[in-house]
Amino acid sequence: MEERAVLDMVRQRGYRLTPQRRAILSALCRSQSPVSAGEVYDQIKHLLAGTSVDTVYRNLNQMAEAGIVVAIHAGREVVRFELQVGDHHHHFVCLACHRIFCIPLCPFEAPVSVAVDGHAFKVTGHSLEVYGYCSQCEPSEEATSDVRV
Ligand SMILES: [Zn+2]
Ligand SMILES: [Zn+2]
Ligand SMILES: [Zn+2]
């Protein structure tokens, strides 16, 4: 997505753009796939003196809370980030090379409310990561079911 459009979208939401957040967002715009805080840091450290991987990670998480970026988990850890643009989708995590791929589909017909044992829940979203091996890491031919997209 074009950087200017992303910055406009962020401003329209009333989110304050510090030079650091701006640099982080432009790094996210440039990347074709989800990136880690370390990868973002490598791209912007020459622009911003005194930035650390921790600061970048903290900013990315704050932007995830604000709904500007998506935090992608592997297990309990947040491992990658991408811009919150386009359609809702899920991610495939390769267990061997740890690359993360966007899967442009959703296996759920997501309900907006659920009732369990008399408790009602209002559903606002869900996240799901799919694990396995990418085509470069696939250990053997006996791959079970594959999803083609
Ligand atoms: Zn792989
Ligand atoms: Zn994605
Ligand atoms: Zn989904």
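Ligands are counted one by one from 1 in listed order, and the atoms in each one are counted from 1 as well. Since the model is a prediction, treat every value here as computed from it, not as a measurement.
- Aromatic ring orientation, His88 versus His90: perpendicular (interplanar angle above 60°, classes split at 30° and 60°).
- From Cys29, atom SG reaches atom CG of Leu83 across 5.0 Å, with rounding to the nearest 0.5 Å.
- The 12-atom threshold is not exceeded at CZ of Arg4, counting heavy atoms of other residues, nucleotides or ligands nearer than 6.0 Å.
- With a cut-off of 2.8 Å, the Zn ion (ligand 2) has no N, O or S atom of His90 in range.
- The angle that Cys106 SG and His88 NE2 make at the Zn ion (ligand 3), rounded to 10°, works out to 110°.
- In terms of distance to the Zn ion (ligand 2), the nearest N, O or S atom of His91 is named NE2.
- Of the angles at the Zn ion (ligand 2), the one spanning SG of Cys102 and OE1 of Glu82 is 90° when given to 10°.
- Its N, O or S atom nearest to the Zn ion (ligand 2) is what matters here, and for His89 that atom is NE2.
- The angle that Cys134 SG and Cys97 SG make at the Zn ion (ligand 1), rounded to 10°, works out to 110°.
- One finds the CZ atom of Arg80 at 10.5 Å from the OG atom of Ser31 (value rounded to the nearest 0.5 Å).
- From Ser127, atom OG reaches atom CD1 of Ile72 across 10.0 Å, with rounding to the nearest 0.5 Å.
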